[in-house]
Structures are given as structure tokens and as C-alpha cells.
Protein chains: 2
Amino acid sequence: MKYSKQREQILETLKNNCIHPTAEQVYSLMKSQMPNISLATVYRNLNQLAENGVILKIDSLDGTARFDYCREQHYHFICTKCNKVYDVPHNVAPELLKNVQEQTGLTVDSCEISFRGICPDCQQNIKH
Amino acid sequence: MKYSKQREQILETLKNNCIHPTAEQVYSLMKSQMPNISLATVYRNLNQLAENGVILKIDSLDGTARFDYCREQHYHFICTKCNKVYDVPHNVAPELLKNVQEQTGLTVDSCEISFRGICPDCQQNIKH
DNA sequence: TATAATCTGATAATGATTACTATTATTGTT
DNA sequence: AACAATAATAGTAATCATTATCAGATTATA
């Protein structure tokens with residue numbers, strides 16, 4: 001992987017915006033500092049960074065991927081009303097990979113958990 | 001939800017094919033028995049059935065959803081080589097929802113775990 | 001059986017993502 | 001510093017899964 005200004009800026013943007021943005025959102029967020037960047041470049045680099053384990057790619061139910069810089073392993077809670085993504089700490093599922101290995105014999109490289117429900121904000125809104 | 005022949009046949013097809021098929025695959029599998037069914041109908045009904053909890057919708061990493069009839073709660077292992085989906089028993093993650101609730105306060109309605117790795121078949125193929 | 005509600009097939013439209021291509025930037029080497 | 005080799009970019013066209021639309025058919029209900 002060769003250095004590029006664009007990739008650096010994309011990563012920087014991700015670091016500064018812990019909102020689990022979509023590719024399109026990253027693109028918008030960068031526009032002011034790098035007006036000529038192409039959407040395709042954003043996609044290309046986000047995927048590249050995810051493949052190399054630098055960032056995390058999260059599949060939403062609405063068919064738009066989201067990206068996350070956070071390095072410590074953790075899981076996600078996706079609000080079924082507003083599609084916002086919240087972090088869930090890793091230790092809610094201790095022994096998980098060990099159990100899978102023991103019970104199925106499958107060798108797991110990675111693991112993603114998506115919890116779904118209505119987030120506190122949306123629950124408030126429903127009440128009012 | 002009103003009865004329809006098409007929906008019944010879609011569900012039947014899913015019951016008889018525990019291969020976690022995509023919508024397109026369900027469509028092909030049905031073609032012989034119901035040659036005039038429309039792909040849109042397959043999509044419409046699969047989503048409807050999933051929304052009503054009759055079947056399960058699984059998000060793959062390659063951007064094509066897969067569907068599963070199995071009623072007992074369980075998780076999935078997706079092979080990163082061939083994209084085949086395997087079942088993983090529910091009890092690999094005991095206390096999961098309780099832990100989330102306790103540690104985050106979030107109310108979880110559902111939860112999906114996707115394990116990723118290379119399946120035994122593909123590991124064999126790599127060796128040869 | 002008449003009415004309303006829901007469903008269907010066919011196809012157009014959408015929207016996220018990827019492929020393509022000519023050009024430009026980065027890197028290692030004389 | 002100049003050179004070639006490699007990889008990256010911008011812009012846009014193409015792809016592909018999925019959804020929307022809509023006229024006509026089916027199903028449920030009164």
C-alpha cells in the first residue's frame with residue numbers, strides 16, 4: 001500500500017468523527033478540506049483500510065456500509081428507527097470464540113455482533 | 001397479511017432448502033413449480049416474512065441478503081472464500097442480552113452474530 | 001356477490017458500490 | 001536529480017441488488 005494524501009485525510013476524518021459514518025458521509029465531511037476528492041476514492045480507500053484491519057466495516061440493515069476507526073474490539077447496536085450506531089463493549093460475550101471452536105470445530109477469524117433495538121433517543125421521541 | 005399461493009410456495013421452498021439461499025436463489029428454486037412468479041414478488045415476500053419473524057434475513061458481506069427458515073435461534077458462520085453460510089448454535093453466547101442490558105442500558109430486540117473464517121471445505125481445497 | 005383490502009407480474013427506477021481509463025503521485029534505483 | 005515501475009487519483013460509466021410503481025388479479029369481509 002503506497003502512501004496517499006487522500007487516504008491519510010480519509011483516516012483522519014474517520015478518527016475525528018466517531019459517528020460510524022457511511023462512505024458518503026465521509027465524503028461530505030472531507031469536502032471542505034479536499035474539494036476535489038472523488039467519491040470512488042473514498043470507497044476504494046475505506047475498503048482497503050478495512051481489508052488491512054486499520055478500520056472496521058459495519059454492515060447496516062439498510063444496505064449502506066458504515067465505517068469505524070476505533071481499534072479496540074467491540075460490537076454494535078443499531079437503532080431500527082434512526083439507523084444510528086452505538087458501541088457495545090467487547091466483554092458482553094466472554095469466551096465467545098472459544099465456545100464456537102469447541103462446539104463446531106470452525107476456525108473463526110473475526111466476529112461481528114449487531115444488536116438491534118430502539119435507541120434511548122428514539123424511545124423518548126415516541127413518548128412525546 | 002393476506003394469504004397467497006406465492007408466499008406459501010416461497011416459504012415451502014425455504015423449508016426444503018436449508019442452504020441459506022439468496023432471493024435470486026429462491027427464485028430459481030421455485031421456477032419449475034411456479035414458472036410465472038416474479039422476482040419482485042420473491043423479494044417482497046421474503047422481506048415480509050422476515051419482518052413478521054417467520055424467517056430470518058442474514059446480511060452477507062458481499063451485499064446480498066440471505067434467508068433462512070430455521071426457527072430456533074442461532075448464529076451464522078460465513079466462509080470468506082465461498083460465501084457459504086453455516087449455522088452456529090445459540091448457546092455459544094450465554095447471557096449475551098443480559099450482559100448488554102446491564103452494561104449499556106440499551107434495550108435489545110434482536111441480535112445477529114456473524115462469524116467469519118474459512119470453512120473446512122475451502123481449507124481442504126487450499127491444501128491441494 | 002359486492003366492496004375493500006391486499007397481492008401479483010412486469011418493468012422502470014433507485015441507490016450503493018465498483019469498474020474503467022487517462023493522468024498523476026509516490027517510491028526505489030541509478 | 002532523473003528514471004522507470006508501481007500504485008493512486010478524478011471523473012464517470014456500468015453493475016447489481018433491491019424497491020417503487022401500477023394496472024389487473026386474488027382474497028377476505030360484510
Side-chain angles (χ1 to χ4, degrees), chain A residues 1-14 19-52 54-68 78 80 82-85 114, chain B residues 1-14 19-52 54-68 78 80 82-85 114:
Chain A
M1 198 157 51
K2 204 177 270 190
Y3 171 86
S4 87
K5 264 202 188 72
Q6 287 83 344
R7 188 182 303 121
E8 187 181 38
Q9 185 65 46
I10 287 167
L11 194 53
E12 199 58 30
T13 303
L14 219 50
I19 58 167
H20 308 85
T22 63
E24 203 88 38
Q25 282 178 311
V26 172
Y27 179 64
S28 305
L29 286 163
M30 298 183 59
K31 260 304 179 79
S32 55
Q33 351 215 353
M34 204 172 254
N36 292 328
I37 195 168
S38 160
L39 180 56
T41 302
V42 175
Y43 271 102
R44 202 187 317 112
N45 281 294
L46 286 173
N47 281 327
Q48 211 164 100
L49 290 166
E51 268 164 34
N52 292 21
V54 182
I55 65 173
L56 212 66
K57 187 173 184 176
I58 312 159
D59 288 318
S60 218
L61 261 192
D62 60 345
T64 52
R66 289 168 175 278
F67 297 87
D68 190 3
I78 304 174
T80 50
C82 67
N83 283 314
K84 229 182 295 164
V85 179
S114 300
Chain B
M1 199 156 53
K2 201 179 272 189
Y3 171 86
S4 88
K5 264 202 189 69
Q6 286 84 344
R7 188 182 303 122
E8 186 181 38
Q9 184 64 46
I10 287 167
L11 193 54
E12 199 57 30
T13 303
L14 218 50
I19 57 167
H20 308 86
T22 62
E24 202 87 37
Q25 282 177 312
V26 172
Y27 179 64
S28 305
L29 287 163
M30 297 183 60
K31 260 303 177 80
S32 55
Q33 351 216 351
M34 206 173 252
N36 293 327
I37 195 168
S38 161
L39 181 57
T41 302
V42 175
Y43 272 103
R44 204 184 313 115
N45 280 294
L46 285 173
N47 282 328
Q48 212 165 98
L49 289 166
E51 268 163 35
N52 293 21
V54 182
I55 65 174
L56 212 66
K57 187 174 184 176
I58 312 159
D59 288 318
S60 219
L61 261 191
D62 60 345
T64 51
R66 288 168 176 280
F67 298 88
D68 190 3
I78 304 175
T80 50
C82 67
N83 283 314
K84 229 181 296 165
V85 179
S114 300

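Letters go in sequence order (proteins before strands), and every chain restarts at 1.
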Student: Taking the side chain from A/R66 and the backbone from A/P21, do they hold a donor-acceptor pair closer than 3.5 Å?
Tutor: no
Student: Decide yes or no for A/Q25 and A/T22: does some side-chain heavy atom of the first lie under 4.5 Å from some side-chain heavy atom of the second?
Tutor: yes
Student: Return the value, rounded to whole Å, for the distance between atom OH of B/Y27 and atom C1' of C/dT8.
Tutor: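 Going from B/Y27 (OH) to C/dT8 (C1'), I get 13 Å.
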Student: Tell me, for nucleotides 22-30 of chain C in 5' to 3' order, what letter each nucleotide earns: B for a base near a protein heavy atom under 4.0 Å, S for only sugar-phosphate near one, - for neither?
Tutor: ----BS---
Student: So if I take residues 31-47 of chain A and measure heavy-atom distances to DNA chain D, which residues fall below 4.0 Å?
Tutor: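 Of all residues in residues 31-47 of chain A, the ones placing a heavy atom under 4.0 Å from DNA chain D are A/N36, A/I37, A/S38, A/A40, A/T41, A/R44, A/N45.
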Student: Are the side chains of B/V85 and B/I19 in touch, meaning some heavy atoms are under 4.5 Å apart?
Tutor: no
Student: Does the side chain of B/Q6 come within less than 4.5 Å of B/M30's, by heavy atoms?
Tutor: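 The answer is no, as the side chains (C-beta and beyond) never meet within the 4.5 Å cut-off.
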Student: Decide yes or no for A/T41 and A/N45: does some side-chain heavy atom of the first lie under 4.5 Å from some side-chain heavy atom of the second?
Tutor: yes
Student: Answer yes or no: is there a side-chain heavy-atom contact under 4.5 Å between A/D68 and A/I55?
Tutor: no
Student: A side-chain contact here means heavy atoms from C-beta on lying under 4.5 Å apart; do A/F67 and A/I58 qualify?
Tutor: no
Student: Using chain B heavy atoms and a threshold of under 4.0 Å, write down where along DNA chain D the contacts begin and end, 5' to 3'.
Tutor: D/dA17 to D/dA28
Student: On DNA chain C, check which nucleotide each of B/Q48 and A/A23 is closest to and give me the residue with the more 5' one.
Tutor: B/Q48
Student: How close do B/A23 and B/V42 get, heavy atom to heavy atom, and via which atoms?
Tutor: O-CG1, 3.6 Å
Student: Just wondering, do B/R7 and B/L49 contact through their side chains at under 4.5 Å, heavy atoms?
Tutor: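 With C-beta onward as the side chain, the pair touches.
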Student: A/Q33 versus A/E12: any side-chain heavy-atom pair under 4.5 Å?
Tutor: no
